[in-house]
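Would you mind keeping the following structure in view while I ask a few things?
As the structure is a computational prediction, the values presented were derived from the model and not from experiment. Note that these values count all heavy atoms, side chains included, but never hydrogens, waters or copies made by symmetry.
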Amino acid sequence: MKKRFLSILLTSTFCISSFCGTYTAKAETSTKDKYNIENQTPSYVQFNDEELPDEEKEWLKNNIEETTDTNLNELGLQRSFGTDLLSIDDNNEISLEETIPLADTALPSQVDNSTLRAFPGIGNQRSLGSCTSFASTYYQMSHMVNLQRGRDGSLAENKCSPKWTYNLINYGLDKGSFISTNLSAIQSVGVASLKDFPYVGSTSPATNYRAWASDASIWKKAQNYTIDGYSTINMSSHISGPKDSNLNVAKTKLVNGYLLTFSTYWYSWVLDRVDDDPSTSSDDNYVGEVICKYNDDTYSGGHALTAVGYNDDIWVDINNNGTVDQGEKGAFKIANSWGTSYGNKGFYWLSYDALNKVSEVANNPSTTSGRQSTFKDTSGFYWFTPHSSSDSPKFFAQFTLNTAKRNQIYAEITATNKSTGVVNTFNPFALNYAGGAYAFDGTTTASDCSFVFNLSKVIPNLTEEELLNNTWTLSLKDKSNDSYPLIIKDFKIINDVSNCEYKYDLSSPVSINGTTKTFDINPTKKNTNSKVSISMVEQSTSTTANAIAPRFKITNTGQDSIALKDLKIKYYYSLENSTNATQSFVCHYAGINGLSYRNITNYILNTFKDVSTTNTTASKSAEFSFTSDAGTLEPGETIDLQVSINKSDWSNFDRSNDYSFNSTATDYAEWDKVTAYVNDSLVCGVEP
């Protein structure tokens with residue numbers, strides 16, 4: 001991994017998240033026109049003044065450690081001392097490891113992380129109360145992952161979706177949320193990209209803010225973007241000026257490239273404009289920009305923001321005496337989530353003195369009375385480091401659930417060591433009586449969702465040996481015995497190291513209603529050297545037929561014998577409505593050609609299964625397998641297999657929308673839309 005330094009000294013931004021109501025930010029005016037502040041709040045923005053619950057405050061107090069000291073990382077060293085130890089390359093990753101002791105005088109006077117390539121750009125929550133998800137997920141998580149991995153934040157695939165976290169945590173209600181809840185969700189189940197789960201800032205239809213992603217591939221990719229934990233920086237100590245050491249931890253994090261999130265009362269922000277300090281030219285580019293110079297005691301307009309940098313040279317004349325007084329210099333740069341039409345093209349300044357409950361500025365009418373600190377739910381900022389890309393997940397649990405009331409589900413994934421009996425358990429954030437009384441698609445009609453979770457959440461730093469040495473149990477509880485059962489359709493453990501899967505045998509969906517059921521998988525070492533090729537031709541290439549009749553040649557192309565009881569072939573198709581959709585299977589012929597000829601027609605088994613996929617061309621599969629009496633398929637040997645499938649009423653199939661149907665081949669041809677498995681490990685073909 002290459003590391004890079006950026007010798008850019010800039011100012012930082014803060015990102016906000018919103019709740020319920022409308023508000024015009026307060027503005028003090030003077031005789032100068034430039035101090036008149038226009039309306040700084042869109043009429044459609046929602047706020048929520050709900051306080052962080054006492055139990056959440058207690059949990060944070062007992063579980064989240066405050067950061068009281070920090071060091072520079074290599075980017076921080078570059079910015080602080082101007083060193084150029086490595087060449088600058090925007091495609092290189094940045095090490096976030098903080099190992100270099102900080103001298104109090106070493107910090108630069110200004111830093112702006114919003115100018116880094118990693119920053120996703122100003123976002124717009126529009127009419128949804130998703131400001132905390134914009135602050136923590138869109139700004140903070142996107143930027144930190146991109147910084148760590150050397151990615152371009154302007155690309156949709158490199159932006160984390162605020163809809164992912166907001167929809168997971170809002171209980172189906174558009175009422176806002178808390179930063180700590182967003183971060184807990186990311187820590188537990190990761191986050192999808194904006195490309196995979198696009199954001200639309202509208203309250204209509206309601207499914208827009210209620211629906212969860214239902215596709216297994218999206219959940220699996222989300223496991224790559226998580227955090228190991230998060231921490232807070234207490235900012236309750238008095239700030240005397242820009243060089244006050246009480247600013248050092250927050251400023252050092254920003255110098256190191258981090259973004260910081262916080263909550264506030266937007267109604268309390270008293271806005272002014274940046275003044276021109278005549279003693280320096282370093283503030284000239286910011287004169288006239290909107291700045292919060294203090295917070296009054298209006299305890300409403302709950303909102304979340306993101307700090308992206310700071311500037312010690314910013315001056316706002318807080319007491320309006322025309323003189324640069326003690327406490328008037330310095331501000332954090334904040335990113336809001338209302339688009340670029342508000343503030344300073346989407347950003348605001350927050351004066352250091354606004355953090356004080358008692359102003360440092362003399363002769364200031366707002367020194368003590370009618371004043372509060374900036375922070376709402378905590379006394380400072382949140383920060384985190386993303387989980388390293390060098391330790392990407394390799395082992396997963398995947399299962400498909402169906403229900404009309406996801407808030408009745410509680411799920412646990414448990415690993416029980418086969419030798420020691422040691423038990424490790426993980427409860428995914430999304431499956432903890434969460435989501436409100438809705439289906440996974442946000443409606444009230446039962447729908448499917450295929451979840452994928454990283455098994456390293458069960459056993460940290462899980463290895464393949466540990467995977468095989470444990471029994472993996474999925475425990476599902478449905479809270480109420482009612483008309484809304486929980487249905488499980490499949491469950492498997494995925495081993496990406498050996499490219500194999502271990503499936504629980506669910507021949508048909510299992511209903512769980514007001515009770516708890518468990519499903520165990522015991523992974524075993526599999527022969528991953530097996531290789532199979534499949535050629536196929538259809539008996540009829542007509543797109544309308546009363547039978548599906550494929551012919552297969554299945555060849556062992558590997559070096560090892562394959563026990564036929566371990567071999568399965570799947571053919572995928574769609575099943576249209578019929579007066580009688582019951583299906584029948586016939587094996588017309590099966591024989592092995594190779595070292596010797598063997599007829600195995602009587603040793604063929606078939607199972608019809610529903611397919612958990614959004615691919616409408618593959619709602620069903622016919623799974624062909626072999627009894628233990630079928631023997632082995634030796635290297636180079638080929639099975640000729642001729643089968644047919646029909647409906648009991650012999651009504652026609654529409655073959656035109658069948659995944660495995662080959663309408664063009666007139667003779668046997670290799671065909672990757674039929675799949676083969678050895679010991680449930682995919683060895684040939686592409687699943688729909």
Between OG on residue Ser341 and CG on residue Asn124, distance to nearest 0.5 Å: 8.0 Å

Residue pair Ser202 / Tyr209, side-chain heavy-atom distance below 4.5 Å: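 SC-SC contact between Ser202 and Tyr209 ruled out.
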
Lys251 NZ/CZ over Tyr310 ring centroid, <6.0 Å and within 45° of normal: yes

Ring-face cation of Lys253 near Tyr258 (centre distance under 6.0 Å, axis angle within 45°): yes

Heavy-atom check, side chain of Ile409 versus side chain of Thr403, under 4.5 Å: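 The answer is yes; the side chains approach within 4.5 Å.
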
Check: Trp269/Thr264 side-chain N/O donor and acceptor closer than 3.5 Å: yes

Side chains of Gln110 and Tyr286, donor plus acceptor under 3.5 Å: yes

Side chain proximity check, Met141 to Ile227, heavy atoms < 4.5 angstrom: yes

Spatial distance of atom CG (Asn246) from atom CG (Asn234) [nearest 0.5 Å]: 9.5 Å

Lys/Arg-Asp/Glu bridge criterion (N-O < 4.0 Å) met for Asp296, Arg371: no

Whether Ser133 side chain and Thr165 backbone form a donor-acceptor pair below 3.5 Å: no

Distance-only side-chain donor-acceptor flag, Ser373 / Asn356, under 3.5 Å: no

Asn256 side chain vs Asn73 backbone, donor-acceptor pair below 3.5 Å: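 Yes; judged by distance alone, with no hydrogens or angles, the pair exists.
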
Close side-chain approach of Ile239 to Asp353, heavy-atom, < 4.5 Å: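 A side-chain contact under 4.5 Å is absent here.
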
Under 3.5 Å side-chain donor-acceptor pair for Asp244 and Tyr352: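 Checked: Asp244/Tyr352 side chains show no N/O donor-acceptor pair below 3.5 Å.
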
Exam field: side chain Ser351 to backbone Cys292, donor-acceptor pair closer than 3.5 Å: yes

Ring geometry between Phe453 and Phe399 (parallel below 30°, tilted from 30 to 60°, perpendicular above 60°):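 Tilted: the ring planes of Phe399 and Phe453 meet at 30° to 60°.
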
Lys220 NZ/CZ over Phe396 ring centroid, <6.0 Å and within 45° of normal: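 Yes, Lys220 and Phe396 form such a contact.
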
Side chain proximity check, Leu401 to Phe440, heavy atoms < 4.5 angstrom: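 Result yes, sub-4.5 Å side-chain heavy-atom pair found.
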
